[in-house]
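Written out below as structure tokens is the structure these notes cover.
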Amino acid sequence: MGVFSSPSISHYPMARPCNLGSLSRHGFSSLSLKPPAFSTGGKKFHGFGLIRASVAVEQQAEKTKVALVRIGTRGSPLALAQAHETREKLMAIHPELAEDGAIQIVIIKTTGDKILSQPLADIGGKGLFTKEIDDALINGDIDIAVHSMKDVPTYLPEKTILPCNLPREDVRDAFISLSVGSLAELPAGSVIGTASLRRKSQLLNRYPSLNVLENFRGNVQTRLRKLNEGVVQATLLALAGLRRLNMTETVTSILSIDEMLPAVAQGAIGIACRSDDDKMANYLASLNHEETRLAVVCERAFLETLDGSCRTPIAGYASRDEDGNCIFKGLVASPDGTRVLETSRRGPYAIDDMIAMGKDAGKELLSRAGPGFFDS
């Protein structure tokens, strides 16, 4: 067996109990996972990211040594794909982490994973997909935490830092339908499934004759299954996730940035560690992609100024133009899509300037929106 050909994955105690694996001496159940095939309708999808769709669980022998790095992650196929991407990058750079058992993946179930019957906006609060992972990090049960940056609140918990962003994936949204080739081709009254108020508001602004099924939640595979069953006529998903899951064959068309401005930090992976853990901070520094980190900082400054939550349709995207400058585009919308306010900034691609651009854009849109804007 080659190095890490059977990755180590453990379940944190707050995750769903699993009695199919042997308990390691750390009290976690250890699993070996193989990437399965996933089928929806007549299509069959393959890919590492489908690791949880129909996973075969094998008993694994107890570890003979303590892992050097324990990676905390959610248990969805996409989250696991991101955790494995992190693991592979660490192994490629640091020889000691390429040894068998040096890196352990710990699955942690979050509030957002547990409550699927309600729209995210109705659950309320921040950190729906991060809090339990952050708690495990602070408590020393994991060493680093891998997050989708769009799920990370604009504040970080005490005793943690987030010094690393991996290279950003494609930030655009993908349109997926079994009946038409684009949004414009959908007949009036068609139902689109999305749990995102950002997508809903921009959709209804451009296509007011469409209907949006808001509580269209679940992982990528669940949403595609609902589409195949006819619950909706179309859906929108982040292209970044589909690329990481090797599922781009499901994409009908890709929406341009002008058609659908992405969520703040969409397509970016963030990795956190404890603020007093210099060893992990050094590991993460070796993985950091500075262009991505600066773009995310700019977008999150915009979001923080607006004090955005799951109840506020907000979009923001910072990128580098051909001259090396930062171009930032920001948007706020009323939930029903009747009002959309947009702004943009251009300036040096440097951290202080980009933070200032994000904050200034946020202040402008707050002023233009006025009180009660998000209540419609």
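With hydrogens and angles disregarded, a donor-acceptor distance shorter than 3.5 Å links the side chain of D143 to the backbone of R70. A donor-acceptor contact shorter than 3.5 Å is absent between the side chain of Q202 and the backbone of G337. In this structure, the side chain of S344 does not engage the main chain of F328 through any donor-acceptor pair within 3.5 Å. At distances below 3.5 Å, not a single donor-acceptor pair connects side-chain atoms of T312 with backbone N or O atoms of I314. A donor-acceptor distance shorter than 3.5 angstrom exists from the side chain of S201 to the backbone of L197, with no hydrogens or angles considered.
Checking Q266 against D173 by side-chain atom types alone, a donor-acceptor pair falls below 3.5 Å. Between E364 and S367, the side chains place no donor N or O within less than 3.5 Å of an acceptor N or O (distance only, hydrogens not considered). Side-chain contact annotation: D336 with T338, donor-acceptor N/O pair under 3.5 Å present. Side chains of R87 and Q82: a donor-acceptor N/O pair is absent below 3.5 angstrom, by distance only.
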For this session: Under the side-chain contact (heavy atoms from CB on, under 4.5 Å) rule, what do E169 and L239 come out as? Steps first, then yes or no, please.
Result: CA-CA 8 Å; E169 253 293 359; L239 182 59; over 6 Å; no
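Under the salt bridge (Lys or Arg N to Asp or Glu O under 4.0 Å) criterion, no residue pair touches residues 231-240, with sequence neighbours excluded. For the ring-ring contact (aromatic ring centres under 6.0 Å, His included) condition, the pairs that include at least one residue of residues 244-299, sequence neighbours left out, are H94-Y283. Judged as a ring-ring contact (aromatic ring centres under 6.0 Å, His included), not a single pair has a partner in residues 223-263 (not counting sequence neighbours).
The ring pair (Phe, Tyr, Trp, His ring centres under 6.0 Å) test applied to F175 returns no partner, not counting sequence neighbours. Scored by the side chain to side chain contact (heavy atoms under 4.5 Å, CB included) test, L213 finds V191, F216, V231, V232 as partners (sequence neighbours excluded). Y317 meets the ring pair (Phe, Tyr, Trp, His ring centres under 6.0 Å) test with no other residue; sequence neighbours excluded.
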